[in-house]
Amino acid sequence: MTTRYVFDFSEGDKDQKALLGGKGANLAEMVKIGLPVPPGFTITTDACRAYLDSGAAPAQLADEVSTHLAATERAIGRTLGDPTNPLLVSVRSGAMFSMPGMMETVLNIGLNDESVQGLAAQSGNERFAWDSYRRLLQMFGKTVLDIEGHEFESRIEAMKQARGVSQDVDLTAADLQELVGQFKAVIEHETGKPFPQQPRAQLDAAIEAVFRSWMGERAVLYRRQERIPHDLGTAVNVQTMVFGNMSEDSGTGVCFTRDPGTGEKGVYGDFLMNAQGEDVVAGIRNAHPLHELEGEVPAAYAQLLENMAALEAHYHDLCDIEFTIERGKLWMLQTRVGKRTAAAAFKIACQLIDEGVIDEREALSRVTGQQLSLLMFPRFDRSGDVRVLTKAVAASPGAAVGRIVLNSKDAAEWAARGERVILVRTETNPDDLVGMIASEGILTSRGGKTSHAAVIARGMGAPCVCGAEALAIDFAKKQVTVTGSDPLVLKEGDLVSIDGATGEVFLGEVPVMASPVVDYFEGKLDPAGADTDELVRAVHRIMQIADANRRLAVRANSDTPEDSERAVRFGAQGIGLCRTEHMFLGDRRELVEKLILASSDADREAALEALRPLQQGDFEGIFKAMDGKPVNIRLLDPPLHEFLPSHTDLEVKVAVARATGQPVSEAEETMLAAVRRMHESNPMLGTRGVRLGIIIPGLFQMQIRAILDAFTVHQAAGGTGSVEIMVPLIDTYQELDIVRQEAVALAQAAGYEPGAGHEVSIGTMIELPRAALTAGQIAEVADFFSFGTNDLTQTTWGFSRDDAEGGFFSQYLDKGIFQVSPFEMLDRQGVGRLVKMAVDEGRATKPGLKTGVCGEHGGDPDSVHFFHEVGLDYVSCSPFRVPVARLEAGRAAVATGAHTAST
Ligand code: PEP
Ligand code: MG
């Protein structure tokens, strides 16, 4: 069967986003539930992919478009290009994931020298008809024909000057007709061909332009930022035009069924009478609050409220809606489950449980770990002396401090040299994306919660304040005047602080303090307290639901008693990785140097003996902090030269001394010789991990004794729990076997019988491909596996974790070789496959083998889902990420239908 590329709006539904894009799927859903949607059809993402692959639209697309266009014409009773009663259509992008403003749109397709007359007659409004034609020429010229927008805009400006008017709306029908003539001349001059008068040719060219815009610069950049795969392609929606700018009883707007900032149910949104949709989103004219629509067009308003309620009831969630009213008649142009702030997401999820709309498990799936981490960011501490410059629209929450910069290019440049910047614009447009990404926060003097700046900032999780009308921006002078009773001039580079949760803008740098959500995790806020705010109560409730549903346990990576205590407060159920290397630094470096430089067994043993009680003390503190819980301690991992002075420094020092005839001490000579001897070209692949333990007699034994003795002291003091001794960087079971035998002997001497599930167990990291590939054998001598996905990623891909991210990664990301660094999000196909294989083969040898992960991926939301799916017992991550891992582990269990409470 051949692929079908076009579907009528009446054929799809909301679950077909991959094929029809989000906009197309939701339009179809609205048609399905009987809402008034202007007729049209969707060209699938398959067609876009075929176009991008071959550079041409698939052969049968033209015929399919003809069939569906005819159906649209029948439904509306007008024909494309009809000189007396023309149908006009819009051609809009609509990808699977929303990419607001990043791709192209062409409106008013179907107008030409003849049908413009028809439109004038049909609408009874000649000015409107010529304005529509002028908009088509301008959009088509820019988008389809790649003509500089300036060519058109400068002519509008010149016309306004010639007529002595300042606003577009003051231009007359005759002025616009003259502009149409000029625009046609521009097109012919720039492209060598006249503007296509044939409506179908306009349509086909516009469809291809939308396909191409998927690969446009800003779309590619946005996808990289949002981690959207580059190979999805966009769908294209061709829809009957309805006009909000046709008359005084026409208008257009956007609305939400709940406040996307707080979750409160109500009538939220903005509208403009006698305007086109783009005018609202671009924030060009300040829009009016939705409830005022009632006074303008009461019947349409009443119907809109009904439709809003119907949509929320249908989607069981906050909906975000675009509508147009054409001569009093309401049309629904778009809906989707609305974006919301992180705080609103938690609150709405709980409100919907209380309203009986969704159950707890569904509520859990409505929030994300990324949203939780946003809520854990600090906020401003207002207890000191702060000067509020203005208060405007709280468009995207968060606290940002930075130097003001007035254009995107400068923002990107300043950020690249390490400055924190706040991008200040009148309003933003898609070309500002580079600057928005580079900035700590965004501040605009126009626009509201639905302006471009607000929508994009919320998507990026960047703080944003919009519509700060008190700011008069002078781009030429690079300064901002804060108007009002106490005016003030800010120069580019001056520091401001913006609070996207309250809409406040402060002069200078305001200090920040912990968020209430962190205070809650820290145990400083009682979630059941009478005056505890709704957000903290919602987070607490969702965390309880996550904990009750998750199968994965969550542990923390921690090397100190303080971090361990915080980890427990944040809900860690044990330590998954205690790195012992930092315990060899500071004052102890001298002892380590002695160990490394020891020339006899006696010297080496003396150095080890000096270190042992210190190590024991470290472990006692951690066991106490983690009382009752498992603690996994890893034996020393990094290459030894990390504890010695730098090779280059020493060489230089000795060379300078020799050249200037100064004495070089024997100690310095010995040290230099040792450093030279130990120098390795690739230390990460050199003498580290278990290799060290094997070649330096007594090192691992010293650590193991310190661990066992500390545990004995802990138990003697009434403490409980268990200890896991972990061997790093093994390639083969023989390495583990050697260390294991020594460890077993020491444990037995201390009165323990090590084994899986016992008080003392001995296991290994799996962090090299060979270890993963031979996991079945290794499991014979391991009580547990812990995946070191940092090293496993580095060695599987063959790139250095220290160099790659600062090196070629940015180009790899640009080219879409990966959407996100594999050090951040686990590469499921490669590294993940090794993990899965090792779990399966390890457990084939030893059923029930305990497995966990302690690489950075243990706290990454997407990776947590993977670890759940392959059946690990726990994930371990830094203490601050523990709540996120708990939440995602719960979500993963709900997503896969597995929900046994964890142990
Ligand atoms: C790892 O490699 O994933 C790991 C946890 O060890 P480290 O980061 O200390 O090398
Ligand atoms: Mg490692």
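None of these values were measured; they are calculated from a predicted model. Order of listing sets the numbers, starting from 1, for every ligand and every atom in it.
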Looking at ligand 1, is there an atom of it that comes within less than 4.0 Å of some heavy atom belonging to His857?
no
Ring centre gap for Phe711 and Phe619 strictly below 6.0 Å
no
Considering only the protein, which heavy-atom contact is closest to atom 6 (O) of ligand 1, and what is its distance?
Arg634 NH1, 2.9 Å
Which one of Ile766, Leu729, Asn790, Thr789 has a non-hydrogen atom at the shortest distance from atom 4 (C) of ligand 1?
Asn790
For Gly788, atoms of ligand 1 separated by under 4.0 Å from a heavy atom:
1 (C), 2 (O), 3 (O)
Once you restrict to heavy atoms under 4.0 Å, what part of Asn557 touches ligand 1? Side chain, backbone, both or neither.
neither
Taking atom CZ as the centre, does Arg569 end up with more than 12 heavy-atom neighbours from other residues, nucleotides or ligands that are less than 6.0 angstrom away?
yes
Proximity of Tyr874 and Phe867 rings by center, below 6.0 Å
no
Per-atom filter on ligand 1: closer than 4.0 angstrom to a heavy atom of Arg801 are 2 (O), 7 (P), 8 (O), 10 (O)
I want to check a possible cation-pi pair here: Arg828 against Phe866, using under 6.0 Å from ring centre and within 45° of the ring axis as the test.
no
Nearest candidate to atom 7 (P) of ligand 1, where distance is taken over non-hydrogen atoms, out of Met765, Arg579, Gln794, Glu767
Arg579
Does Lys836 come within less than 4.0 Å of Asp840, counting only side-chain N to carboxylate O?
yes
Positive for salt bridge (charged side-chain N to carboxylate O under 4.0 Å, His left out) with Asp637, one of Arg688, Arg579, Arg691
Arg688
A quick test of your reading: do over 12 heavy atoms of other residues, nucleotides or ligands sit less than 6.0 Å from CZ of Phe880?
yes
Out of the candidates His868, Arg551, Arg891, His865, only one should pair with Thr896 under the side-chain hydrogen bond (donor to acceptor under 3.5 Å, both in side chains) rule; please name it.
His868
Does the ring centre of His540 sit less than 6.0 Å away from the ring centre of Tyr520?
yes
Check the Mg ion (ligand 2) and write out every protein N, O or S atom at under 2.8 Å, as residue and atom.
Glu767 OE1, Asp791 OD2
